[in-house]
Amino acid sequence: MSSLLATPTRSTEITTTVKPLSVLSIHNRYLERGGEDGVFEQEARLLQEYGCKVVAASHEMTNPSGVLAKIRIARDAAWSDTWYEKVRGLIEDNHPDVVHVHNFFPIVSPSVYYACHDAGVAVVQTLHNFRLLCPGATFYRDGHVCEECPQHGLHRAVLHGCYRDSHLGTAALVRMLRNHRRRDTWASGVDRYIALSEFARNKFIAGGLPAEKISVKPNFVLPDPGFAASKGYYALFVGRLADYKGLETLIQAWRGLKFAVPLVIAGDGPLRPELEAALQDKRLQAVSYCGRLSRPDTLAAMQGARVLISPSECYENFPVTIAEAYACGTPVIASRLGSMVELIAEGRTGLQFEAGSPEDLARKVEWAWSHPGEMGAMSRAARAEFESRYTAEQNYRMLIEIYQQAIAARA
């Protein structure tokens, strides 16, 4: 558990008359660092820069070994006495106005909602993924979008072993979801939900969450990396090297290009060995792999890229890389799927292609490299989109408004 109580240096871009609040922020970190971990940290920084008091409590995940450890995790997924008591103690010590939960699975558990309820403190939950509706969290299985659980029941996930390819692990997760559905936890235990896109909000409403409790607040970028007017000569992919991120589609598209286009791939994940093997292909000489980059290096790479490629084949909630690309003035070529349909303005801030189609992706990349003037206009439009929707100041105001709604609801 970490505490973020230092007094930060106030950002020069941040000015507001909204009354600062005291916030307890809770997050179960992932074994492999991802976008949710970054958003948890960035929101804590955002709140602090506006003068809010933030206490951040996080669980650091480790890979369990042994049957007893796995049984303990399965038990805690449904209800953690440890985290119930921990949150009660943090509330008593810090008197927060609101508790903001990011990821509670698997160790933190929904018990923290009840700790907040018993202490009379408002709860906000960010819906970073689709775990409440899909045990796999992505609506993706066996190379395609899958919505069997919302349509036919959670037992389908157990049948397929959707959580980490484990039937037992999935069964424990499904048990947690069913128990808390029966207890009405999702409707009564949370005062306000944050969905990251209209697409995600509509999915959760269809899945049974109360529509009046779900607000849309996108991800944001802090600090602002600045607009880079002079763009480079390479395309960029940043993300987890996994099948649902469309890595195979990306590689096949580059094999089919009519002329060489430099591509930089940054990230890590289970498909790294396959990627490194594929790059031995002479047709992929223009592709380079640089591993996982730090956030400053990632932003620098975005500033130098002509375009960011986002070929995901699952329902992305809101890839923070898109907001970061816009902040750098970098257009995005993304699959026409999920929230990315609303995030990419076709022909203005980027281009869309048919998800899973390397041929369509190749056509869009070739067009981008053959129309530098149009891409320059998209670059300026991407930066304008960032300034109108994804700045720290706008996000802070939206976040505080959601907090105030939650506090009023709990009162």
Side-chain angles (χ1 to χ4, degrees), residues 11 13-14 23 25-27 29-30 33-50 54 56 100-103 124-131 137-138 192-204 214-226 236-240 245 266-267 293 295-296 298-299 302 308 310 312 314-332 334-335 337-345 349-350 382-403:
S11 169
E13 79 166 293
I14 294 177
V23 181
S25 185
I26 299 173
H27 181 54
R29 294 182 182 272
Y30 290 83
R33 180 179 171 83
E36 294 181 34
D37 299 316
V39 172
F40 165 69
E41 295 162 2
Q42 287 294 298
E43 282 198 347
R45 176 179 175 181
L46 173 72
L47 290 165
Q48 287 179 309
E49 290 203 4
Y50 279 99
V54 180
H100 188 163
V101 183
H102 287 263
N103 174 43
V124 171
Q125 169 73 60
T126 295
L127 300 165
H128 287 287
N129 57 53
F130 295 104
R131 183 88 65 195
T138 60
R192 204 74 185 179
Y193 287 99
I194 296 175
L196 303 180
S197 65
E198 288 291 346
F199 173 84
R201 181 177 187 272
N202 290 335
K203 281 293 179 189
F204 282 108
I214 309 177
S215 299
V216 175
K217 183 191 76 66
N219 286 326
F220 64 100
V221 183
L222 180 71
D224 179 358
L236 176 67
F237 169 90
V238 177
R240 181 167 167 76
K245 289 294 186 180
L293 297 178
R295 188 162 187 269
T298 297
L299 292 173
M302 286 183 177
L308 177 76
S310 186
S312 292
C314 65
Y315 288 153
E316 291 281 6
N317 209 324
F318 187 118
V320 71
T321 53
I322 291 179
E324 291 172 336
Y326 284 170
C328 296
T330 303
V332 179
S335 49
L337 186 67
S339 66
M340 292 191 291
V341 175
E342 68 186 81
L343 300 179
I344 312 299
T349 63
R383 175 64 189 187
E385 184 78 353
F386 162 74
E387 292 174 349
S388 68
R389 300 187 64 183
Y390 307 126
T391 65
E393 184 166 0
Q394 289 165 314
N395 211 272
Y396 175 75
R397 292 182 184 279
M398 296 174 74
L399 185 57
I400 289 297
E401 181 179 354
I402 292 168
Y403 285 168

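These figures come from a predicted structure and were not determined experimentally.
One finds no salt bridge joining Glu41 and Arg295 here, because no Lys/Arg side-chain nitrogen approaches an Asp/Glu carboxylate oxygen to under 4.0 Å. Of the charged side-chain nitrogens involved, none lies within less than 4.0 Å of a carboxylate oxygen, so that Arg397 and Glu401 do not count as a salt-bridged pair.
Of all the heavy atoms in Ser388 and Gln394, the pair that sits closest is O-NE2, 2.7 Å. Between Arg33 and Gly38 the shortest heavy-atom distance is NH2-CA, 3.7 Å. Across every non-hydrogen atom of Cys328 and Leu299, the tightest pair is SG-O, 3.8 Å. Taking each heavy atom of Ile214 and Ala195 in turn, the nearest pair found is CG2-CB, 3.8 Å. Of all non-hydrogen atoms in Leu222 and Glu49, the two that sit nearest each other are CD1-OE1, 4.2 Å.
Ser25 places none of its side-chain heavy atoms less than 4.5 Å from the side chain of Glu43. For the pair Met340/Ser335, a side-chain contact is recorded, criterion being any heavy-atom separation below 4.5 Å from C-beta on. Within the 4.5 Å cutoff, side-chain heavy atoms of Ile400 are placed close to those of Tyr403. Counting only heavy atoms from C-beta outward, the side chains of Phe386 and Thr349 never approach each other to under 4.5 Å. At least one side-chain heavy atom of Ile344 sits under 4.5 Å from a side-chain heavy atom of Ile322. In this structure, His100 and Leu47 have side chains that are not in contact, with every pair of non-hydrogen atoms separated by 4.5 Å or more. Side-chain atoms of Tyr390 and Asn395, non-hydrogen and from C-beta on, never get closer than 4.5 Å to each other. Taking the side chain as every heavy atom from C-beta outward, Leu293 and Val238 never approach each other to under 4.5 Å.
Just one of Leu343, Leu236, Val332 meets the side chain to side chain contact (heavy atoms under 4.5 Å, CB included) condition when paired with Ser310; it is Val332.
Once rounded to the nearest 0.5 Å, the distance linking CZ of Arg201 with CG of Leu127 reads 11.0 Å. Annotation: the span from Asn129 atom CG to Tyr30 atom OH amounts to 4.5 Å, rounded to 0.5 Å. How far CE of Met398 is from NZ of Lys217: 7.0 Å, rounded to the nearest 0.5 Å. Ile194 CD1 to Ile402 CD1: the interatomic distance, rounded to the nearest 0.5 Å, is 4.0 Å.
Judged as a side chain to side chain contact (heavy atoms under 4.5 Å, CB included), and not counting sequence neighbours, the contacts of Glu387 are Arg383. For Tyr315, the ring pair (Phe, Tyr, Trp, His ring centres under 6.0 Å) partners are Phe139, Phe199, not counting sequence neighbours. Every residue two or more places apart in sequence or in another chain that forms a side chain to side chain contact (heavy atoms under 4.5 Å, CB included) with Arg389 is listed here: Glu385.
Counting only distance, with no hydrogens or angles, the side chain of Gln42 and the backbone of Val221 share no donor-acceptor pair below 3.5 Å. Checked by atom type and distance alone, the side chain of Ser197 never pairs as donor or acceptor with a backbone atom of Phe318 at under 3.5 Å. No donor-acceptor pair under 3.5 Å is formed between the side chain of Arg192 and the backbone N or O of Ser215. Side chain of Thr126 to main chain of His102: no donor-acceptor pair is present (N/O by atom type, distance under 3.5 Å, no hydrogens or angles).
Side chains of His128 and Asn317: no donor on one and acceptor on the other come within 3.5 Å.
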